[in-house]
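These notes are about the structure you will find just below.
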Amino acid sequence: MNSPAGSPGFGEVQPPGVTVADTDLVLLSCLADGATLHEVARRLHISHRTASRRLSEICASLGVSRPIQAVAWAARRGLI
């Protein structure tokens with residue numbers, strides 16, 4: 001059964017008061033479109049290491065362990 005839009009899915013905890021920066025949404029949007037992290041880094045004019053670190057920070061702030069979960073979180077909320 002799917003969870004209602006904007007609510008956490010099974011086994012997912014929605015962090016209270018989490019906001020995601022516009023550049024982070026661009027990063028997640030690129031990943032949602034199928035871009036690799038190397039491609040995302042090039043598009044954002046940042047190093048692969050910076051993109052990787054930022055993605056890790058996004059996942060940590062959202063309380064998820066995988067980038068796909070961060071992408072899904074943003075997509076469910078209509079952010080990407």
Side-chain angles (χ1 to χ4, degrees):
M1 174 181 263
N2 291 334
S3 59
S7 65
F10 178 75
E12 178 183 341
V13 176
Q14 181 175 338
V18 169
T19 58
V20 182
D22 289 343
T23 54
D24 295 341
L25 293 177
V26 171
L27 189 150
L28 293 175
S29 180
C30 289
L31 291 176
D33 289 340
T36 67
L37 202 51
H38 283 284
E39 292 168 337
V40 171
R42 277 197 304 267
R43 289 181 194 177
L44 296 177
H45 305 286
I46 58 177
S47 71
H48 177 269
R49 184 175 179 140
T50 298
S52 179
R53 179 185 49 80
R54 190 63 209 131
L55 185 56
S56 293
E57 291 169 355
I58 294 166
C59 288
S61 72
L62 296 178
V64 298
S65 58
R66 297 175 35 216
I68 191 66
Q69 294 169 308
V71 169
W73 181 92
R76 278 195 304 275
R77 285 153 184 82
L79 299 173
I80 59 170

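In what follows, residues are counted from 1 in the order of the sequence shown. Heavy atoms only: backbone and side chains are in, while hydrogens, waters and symmetry mates are out.
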Discussion item. Does any part of the side chain of Leu44, heavy atoms only, come nearer than 4.5 Å to the side chain of Thr23, both counted from C-beta?
Written reply: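 No, every pair of side-chain atoms sits at 4.5 Å or beyond.
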[atom1]/[X] to [atom2]/[Y] distance, rounded to the nearest 0.5 angstrom?
X: Leu37; Y: His48; atom1: CG; atom2: NE2; answer: 4.0 Å
X: Trp73; Y: Cys59; atom1: CH2; atom2: SG; answer: 11.5 Å
X: Leu79; Y: Ser29; atom1: CG; atom2: OG; answer: 10.5 Å
X: Ile68; Y: Leu28; atom1: CD1; atom2: CG; answer: 10.0 Å

Fill in: Pairing residues for Ala72 by the side chain to side chain contact (heavy atoms under 4.5 Å, CB included) criterion, not counting sequence neighbours
Arg76
Item to complete: Kindly write out the residues that satisfy side-chain hydrogen bond (donor to acceptor under 3.5 Å, both in side chains) with Thr50, not counting sequence neighbours, or none if the list is empty.
Response: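 Partners of Thr50 by the side-chain hydrogen bond (donor to acceptor under 3.5 Å, both in side chains) criterion, ordered by chain and then number, come out as Ser47.
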Worksheet item: Closest heavy-atom contact between Ala32 and Ile80?
Response: CB-CD1, 3.9 Å
Worksheet item: Which heavy-atom pair separates Ile58 from Ala70 by the least distance, and what is that distance?
Response: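 That closest heavy-atom pairing would be CG2-CB, 4.2 Å.
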Item to complete: Enumerate the residue pairs fulfilling salt bridge (charged side-chain N to carboxylate O under 4.0 Å, His left out) with a member in residues 27-40, sequence neighbours excluded, ordered by first and then second residue.
Response: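 Checked against salt bridge (charged side-chain N to carboxylate O under 4.0 Å, His left out) - neighbours excluded - no pair reaches residues 27-40.
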Discussion item. Taking salt bridge (charged side-chain N to carboxylate O under 4.0 Å, His left out) as the cut-off, I'd like each qualifying pair that reaches into residues 49-72, sequence neighbours left out, listed once.
Written reply: Asp24-Arg54, Arg53-Glu57, Arg54-Glu57
Worksheet item: Quick one: does Ser56's side chain have a donor or acceptor within less than 3.5 Å of a partner on Ser52's backbone?
Response: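 Such a contact is found between Ser56 side chain and Ser52 backbone.
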Worksheet item: Does the side chain to side chain contact (heavy atoms under 4.5 Å, CB included) test come out yes or no for Thr36 and Leu31, once each step is laid out?
Response: CA-CA 7 Å; Thr36 67; Leu31 291 176; over 6 Å; no
